[in-house]
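Residues take their numbers from the sequence shown, with the count starting at 1.
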Amino acid sequence: MIKIARKEECTGCHGCYNVCPKKCIDMNFDEEGFLYPSVDSDKCLECGLCEKVCPIIHIVEVENDPIAIGCYNKDEKIRMESSSGGIFTLISELVIQSGGVVFGAEFDENYNVRHSYVDNMEDLQKFRGSKYVQSTIGNSYYDVKKFLEQGRQVLFSGTPCQIAGLKRYLRKDYDNLICQDIVCHGVPSTYVWEHYKKFIANGRRISGVKFRDKSTGWKTYSLQIDFDDGSSYNDIGNENSYIKGFVKDFYLRPSCYECKYKTLHRESDITLADFWGIEANEPELDDNKGTSLIFINSDKGRITFEDIKKDIVFKILDIKKAITHNPSACKVSLYNKKRLSFYRKYKKIKFDLLIDNLMKESMKKKIIIYTNNKKSMFKRVLAKLILK
Ligand SMILES: Cc1cc2nc3c(=O)[nH]c(=O)nc-3n(C[C@H](O)[C@H](O)[C@H](O)COP(=O)(O)OP(=O)(O)OC[C@H]3O[C@@H](n4cnc5c(N)ncnc54)[C@H](O)[C@@H]3O)c2cc1C
Ligand code: SF4
Ligand code: SF4
Ligand code: SF4
């Protein structure tokens with residue numbers, strides 16, 4: 001029966017949940033709104049399968065030589081609907097054309113995020129675009145295996161910890177599986193997202209959400225929310241309280257602060273990211289409509305890239321240089337000491353006020369540290385002069 005020594009390590013990948021032959025593992029929300037497994041010990045067979053598939057118990061070290069590429073989809077419409085360069089859609093189209101199935105993250109009817117699958121071009125649009133909330137895997141790993149064993153090609157798109165969960169669950173390599181992950185900053189909780197939706201809707205019903213609306217450009221990181229009365233909210237990331245709190249790491253899943261998947265040596269075949277720092281690195285690939293930075297991590301990734309090459313504008317890059325402005329590629333998000341305070345207060349204080357207050361407090365602290373440093377510098381210089 002699965003026992004996690006430290007709760008903070010569990011990524012909520014659902015591997016244990018999918019593998020349990022007795023269906024005696026439930027995934028339940030904790031008080032912060034993240035899912036964790038809990039076992040009904042009366043039904044448990046003590047078969048040990050849940051421990052066998054857990055990616056935090058069985059960590060895999062990958063040895064590979066990834067290639068970095070800056071690129072974007074030549075189809076401007078798809079590109080504008082996607083978060084960065086629209087590369088996910090191109091890979092998905094290949095798989096669907098071959099009669100395969102694509103797994104990704106979609107909004108459910110309440111605009112919470114979950115994994116599901118599609119096998120036709122029209123439905124692909126629901127996976128397009130980043131959703132900055134943890135996606136619930138549900139029975140997806142079980143479904144992936146079912147399709148693989150039927151001989152259908154499968155593309156599974158998810159966070160690196162979800163890819164690790166799937167790979168441990170499958171316990172063997174399948175030639176007909178392509179895994180695509182993202183450079184992942186971390187994931188906020190469902191409860192915080194639900195709370196924010198209520199705050200911004202203010203009694204209206206949400207009819208659409210786009211975390212990366214590009215109407216003011218790719219780099220503005222705009223959140224667009226539509227309501228059923230025809231009104232809508234749209235603001236750039238720097239002005240939006242949910243995005244500000246996300247980027248400041250106030251409400252990421254605890255496992256994100258000690259993520260084991262921030263590396264250039266990944267288990268996926270292809271990694272997708274925003275090409276941040278493009279102005280300095282490759283300005284000719286930048287028209288502010290979205291450019292992806294992708295890593296080709298395996299032979300399957302190389303074959304897939306060869307197949308999409310004719311549909312993209314691209315340039316092969318020096319990987320170390322390409323990630324200089326993309327810390328999430330290799331660096332773990334730092335635990336923000338204000339996180340506790342956020343979770344204690346977020347249901348009591350207006351969302352935007354709380355975020356602004358927490359950010360102001362951090363700024364005040366920085367100024368105090370800066371002035372203290374200045375003061376001690378001044379004292380040190382003074383002491384040196386006196387001693388002379
Ligand atoms: C939570 C999160 C954090 C990210 N952090 C960074 C970062 O720090 N730096 C960076 O460069 N890029 C980051 N990305 C990746 C980036 O935002 C784009 O997703 C990526 O560049 C792919 O863009 P695209 O235009 O090719 O495809 P898009 O059409 O934008 O495709 C999005 C793909 O992401 C998947 N996806 C969307 N939301 C989720 C989710 N919640 N969980 C799992 N999969 C999801 C979809 O299923 C789809 O496959 C992050 C994405 C997410 C979801
Ligand atoms: S030990 Fe076996 S039966 Fe018990 S929870 Fe784990 S997978 Fe399920
Ligand atoms: S398999 Fe995944 S969800 Fe289950 S305990 Fe391990 S990390 Fe957590
Ligand atoms: S930061 Fe790491 S642990 Fe958190 S969702 Fe991303 S891959 Fe998973």
Side-chain angles (χ1 to χ4, degrees), residues 4 7-15 17 27-37 55-56 83-84 88 103-108 110-116 127-138 140-141 156-166 179-197 209-212 221 223 237 240-263 266-268 271-274 326-336 338-339 342-343 346 351 355:
I4 309 290
K7 183 186 167 193
E8 300 89 312
E9 285 183 322
C10 171
T11 62
C13 76
H14 283 62
Y17 169 85
M27 296 297 289
N28 295 320
F29 284 112
D30 72 348
E31 63 289 351
E32 292 183 344
F34 292 107
L35 288 168
Y36 290 89
I56 60 170
S83 295
S84 55
F88 161 73
F103 285 74
E106 66 168 3
F107 287 116
D108 68 13
N110 298 314
Y111 289 92
N112 288 327
V113 183
R114 67 176 175 210
H115 257 65
S116 75
F127 295 155
R128 267 199 283 282
S130 298
K131 290 115 187 144
Y132 297 124
V133 190
Q134 183 160 35
S135 173
T136 302
I137 287 290
S140 294
Y141 297 164
F156 185 90
S157 166
T159 58
C161 57
Q162 290 169 338
I163 304 290
L166 173 65
C179 288
Q180 171 259 300
D181 68 352
I182 47 177
V183 161
C184 180
H185 178 79
V187 285
S189 79
T190 300
Y191 283 4
V192 171
W193 171 234
E194 280 186 336
H195 193 74
Y196 176 75
K197 279 183 296 178
V209 175
K210 217 166 176 205
F211 274 101
R212 298 289 298 277
Y221 224 104
L223 171 60
N240 173 267
S241 49
Y242 184 81
I243 298 294
K244 283 196 281 190
F246 167 54
V247 174
K248 280 278 167 198
D249 307 324
F250 288 145
Y251 34 77
L252 301 183
R253 186 174 178 106
S255 59
C256 300
Y257 301 103
E258 44 186 271
C259 178
K260 301 180 174 59
Y261 308 100
K262 305 245 186 172
T263 162
R266 292 167 175 251
E267 291 195 60
S268 67
T271 302
L272 304 180
D274 285 282
N326 206 329
S328 300
C330 290
K331 281 196 193 123
V332 177
S333 299
L334 280 184
Y335 181 84
N336 191 320
K338 300 266 175 305
R339 188 180 183 281
F342 171 84
Y343 271 106
Y346 83 98
F351 201 94
I355 297 294

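Evaluation of the ring pair (Phe, Tyr, Trp, His ring centres under 6.0 Å) rule for F88 yields no partner, not counting sequence neighbours. Residues satisfying the salt bridge (charged side-chain N to carboxylate O under 4.0 Å, His left out) test with K262, not counting sequence neighbours, are none. Take R114 and apply the salt bridge (charged side-chain N to carboxylate O under 4.0 Å, His left out) test, not counting sequence neighbours, and it matches E106, E109. For A164, the side chain to side chain contact (heavy atoms under 4.5 Å, CB included) partners are P55, R168, Y261, E267, not counting sequence neighbours. Applying the side chain to side chain contact (heavy atoms under 4.5 Å, CB included) rule to K210 yields the partners D213, Q224; only residues at least two apart in sequence or on another chain are considered. Scored by the side chain to side chain contact (heavy atoms under 4.5 Å, CB included) test, H195 finds Y346, K347, F351 as partners (sequence neighbours excluded).
Considering every non-hydrogen atom in both G138 and H14, the closest pair reads N-CD2, 3.4 Å. In terms of heavy-atom proximity, F156 sits nearest to S140 at CE1-CB, 4.4 Å. Taking both residues in full, the closest heavy atoms of S130 and S83 are given as N-OG, 2.7 Å, listed atom of the first, atom of the second, then distance. Contact record, R253 with L35: NH2-O, 2.8 Å, taken as the closest heavy-atom pair. Looking at every heavy atom in both residues, V209 comes nearest to F107 through O-CE1, 3.5 Å. For G12 against Q134, the heavy-atom pair with the smallest separation is O-NE2, 4.5 Å.
Side-chain contact between Y242 and P188 is present, with at least one heavy-atom pair separated by less than 4.5 Å. The shortest side-chain heavy-atom distance between K338 and I355 does not fall under the 4.5 Å cut-off. Two residues are said to be in side-chain contact when any heavy atoms from C-beta on lie closer than 4.5 Å; Q162 and T11 fail this criterion. The shortest side-chain heavy-atom distance between Y343 and E31 does not fall under the 4.5 Å cut-off. Looking at F246 and W193, their side chains never come closer than 4.5 Å, going by heavy atoms from C-beta outward. Between F34 and S189 there is a side-chain heavy-atom pair separated by less than 4.5 Å. In this structure, Y251 and N336 have side chains that are not in contact, with every pair of non-hydrogen atoms separated by 4.5 Å or more. Here the side chains of C184 and P160 are in contact, with some heavy-atom distance below 4.5 Å.
Looking at Y257, its side chain does come within 3.5 Å of a backbone N or O of L252 through a donor-acceptor pair. When atom types are taken as modelled, the side chain of S328 and the backbone of V183 share no donor-acceptor pair closer than 3.5 angstrom.
Here OG1 of T159 is found 7.0 Å from CD1 of I137. Values are rounded to the nearest 0.5 Å. To the nearest 0.5 Å, atoms NZ (K7) and CG (D30) are separated by 3.5 Å. From M27, atom CE reaches atom OH of Y36 across 9.5 Å, with rounding to the nearest 0.5 Å. Rounding to the nearest 0.5 Å places OG1 of T271 at 3.5 Å from CG of D181. Atom OG of S268 and atom CD1 of I163 lie 6.0 Å apart (nearest 0.5 Å).
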Could you please spell out the steps behind the side-chain contact (heavy atoms from CB on, under 4.5 Å) verdict for L223 and Y196?
CA-CA 12 Å; L223 171 60; Y196 176 75; 4.0 Å; yes

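Relative ring orientation between F211 and Y132 is described as perpendicular, the plane-to-plane angle rising above 60° on a 0-90° scale split at 30° and 60°.
For the residue pair N112 / K197, a side-chain donor-acceptor distance below 3.5 Å is found, with atom types taken as modelled.
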